[in-house]
Amino acid sequence: MDSRPAKVPAHSQTLSRGIRALEILAEAQSPLTIAELSEALGVHRSIAYRILRTLEDHSLLMRDDAGRVQAGPGLAALARGVNRDLQTASLPELTELANELSMTAFIAVWDHRDSVTLLTVEPRHSGATLAQRPGTRHSFSSGAPGIAIQSAISEDAWERLAPGLPYRPEARAARTAGFATSHDEVLPGVAAIAAPIHIPGGMPAAICVVSLGPSADPAAIGARLAASARAIEGQLQ
């Protein structure tokens with residue numbers, strides 16, 4: 001039996017590598033050297049350099065004076081177009097929630113087998129809060145955002161959308177309660193509460209807050225998030 005990996009068409013492979021390079025740079029805590037990026041991509045430096053030059057031409061990445069590479073401003077322009085209506089409808093609610101509850105508030109969206117942070121707002125005046133960067137990705141097997149999104153999808157539909165990925169019992173409970181909770185699932189000591197957002201003609205999303213340690217009144221916060229979700233849905237009609 002031939003154990004060699006199947007060949008990928010050159011154009012698809014180049015595109016895949018370029019997208020992967022952007023993912024690596026977006027996740028990096030600091031700018032990377034070309035050598036570091038080529039190692040992360042698993043390609044020779046000359047190939048990494050050609051990919052980076054193309055991405056640089058489109059402002060999707062940029063290099064500093066030392067030649068280190070980081071995500072560029074072109075990515076922000078692309079991000080503004082992702083679920084534009086949802087972002088516009090959600091921002092006022094997120095801002096109000098973050099400042100009212102002194103918690104980081106964000107929108108999570110469905111992406112195949114993960115929930116991905118789309119938009120986030122941190123409270124204006126608060127002590128220690130958790131940062132939740134846009135693009136942060138978590139499996140549906142952990143965290144209140146994934147539970148909330150699951151709760152807005154029937155179990156039969158979920159099996160078709162994500163075969164083999166279990167439908168969590170917590171999602172059934174969240175469907176009844178109108179919100180989901182989690183603690184210590186994504187990070188130790190971190191609690192999350194989320195409510196589903198039903199999007200006309202699209203996959204559901206979730207509006208969420210996170211805190212260090214359990215919330216004082218998760219039921220009240222869950223009801224508040226559910227009200228925000230309804231307000232967002234009203235803007236999307």
Side-chain angles (χ1 to χ4, degrees), residues 82-83 85-111 114-123 126 129-134 136-155 157-158 161-162 165 167-187 190-237:
V82 178
N83 287 298
D85 290 344
L86 177 59
Q87 292 195 55
T88 300
S90 300
L91 184 57
E93 292 294 329
L94 291 177
T95 302
E96 186 173 337
L97 281 171
N99 293 319
E100 175 185 325
L101 301 176
S102 295
M103 302 167 74
T104 298
F106 63 98
I107 297 294
V109 296
W110 181 88
D111 184 20
D114 298 322
S115 65
V116 178
T117 299
L118 174 69
L119 182 66
T120 183
V121 174
E122 295 182 28
S126 183
T129 58
L130 289 169
Q132 182 77 13
R133 294 191 305 167
T136 301
R137 179 181 297 271
H138 296 297
S139 168
F140 277 108
S141 62
S142 63
I147 297 171
I149 292 173
Q150 266 193 339
S151 74
I153 303 172
S154 71
E155 295 185 47
W158 182 259
L161 291 166
L165 189 63
Y167 193 91
R168 298 186 61 178
E170 293 87 348
R172 301 185 189 101
R175 188 183 306 142
T176 300
F179 64 90
T181 63
S182 66
H183 189 257
D184 290 334
E185 287 200 3
V186 175
L187 292 171
V190 172
I193 303 174
I197 301 172
H198 299 266
I199 299 176
M203 293 298 297
I207 185 166
C208 326
V209 291
V210 289
S211 64
L212 290 166
S215 304
D217 193 345
I221 295 174
R224 178 68 180 83
L225 288 172
S228 290
R230 303 294 84 76
I232 293 168
E233 290 170 355
Q235 294 294 316
L236 295 174
Q237 297 301 322

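Look at Arg224 and Glu96 and you find a salt bridge, because one of the NZ, NE, NH1 or NH2 atoms lies within 4.0 Å of a carboxylate O, short of that distance.
Among all heavy-atom pairs drawn from Ala205 and Leu86, the shortest one is CB-CD2, 4.0 Å. In plain terms, the two heavy atoms of Thr181 and Ile147 that are nearest each other are O-CD1, 3.9 Å. The two residues Ala148 and Ala180 have their closest heavy-atom pair at N-CB, 3.9 Å. Residues Ala152 and His198 approach most closely at CB-CE1, 3.5 Å, considering heavy atoms. Closest of all the heavy-atom pairs between Ile232 and Ala89 is CG1-O, 3.9 Å. Of all heavy-atom pairs spanning Ser139 and Asp114, the tightest one is CA-OD1, 3.3 Å.
Atom CG in Asn99 sits 11.0 Å away from atom CD in Glu122 (nearest 0.5 Å). How far CG of Leu161 is from CE of Met203: 4.5 Å, rounded to the nearest 0.5 Å. Atom SG of Cys208 and atom CD1 of Ile197 lie 7.5 Å apart (nearest 0.5 Å). From Ile107, atom CD1 reaches atom CG of Leu119 across 6.5 Å, with rounding to the nearest 0.5 Å. Atom-to-atom distance recorded for Asp111:CG and Thr117:OG1 is 11.5 Å, nearest 0.5 angstrom. The line from CZ of Arg175 to CD of Glu170 is 12.5 Å long, rounded to the nearest 0.5 Å.
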- Item | Verdict with supporting geometry, Val116 and Thr136, side chain to side chain contact (heavy atoms under 4.5 Å, CB included) | CA-CA 6 Å; Val116 178; Thr136 301; over 6 Å; no

- Task: Take Val210 and Met103 through the side chain to side chain contact (heavy atoms under 4.5 Å, CB included) test and state the conclusion after the steps.
- Result: CA-CA 6 Å; Val210 289; Met103 302 167 74; 6.0 Å; no

- Task: List the steps, then state whether side chain to side chain contact (heavy atoms under 4.5 Å, CB included) holds for Phe140 with Arg168.
- Result: CA-CA 9 Å; Phe140 277 108; Arg168 298 186 61 178; over 6 Å; no

- Item | Test log, rule side chain to side chain contact (heavy atoms under 4.5 Å, CB included), inputs Val190 and Val186 | CA-CA 7 Å; Val190 172; Val186 175; 5.9 Å; no

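Put simply, the side chain of Gln237 gets close to the backbone of Glu233: a donor and an acceptor are under 3.5 Å apart. Not one N or O on the side chain of Ser182 forms a donor-acceptor pair closer than 3.5 Å with the backbone of Gly143. Not a single donor-acceptor pair under 3.5 Å links the side chain of Gln150 to the backbone N or O of Ala171. With hydrogens and angles ignored, the 3.5 Å screen pairs a side-chain donor or acceptor of Tyr167 with a backbone N or O of Ile153.
Side chains of Trp158 and Leu165 form a contact here, defined as non-hydrogen atoms less than 4.5 Å apart. Using a 4.5 Å cut-off on side-chain heavy atoms (C-beta onward), Pro145 and Phe106 make contact. Proximity of Asp85 to Ile199: side-chain heavy atoms (C-beta onward) are nowhere separated by under 4.5 Å.
With 3.5 Å as the limit, one finds a donor-acceptor pair spanning the side chains of Ser228 and Glu93.
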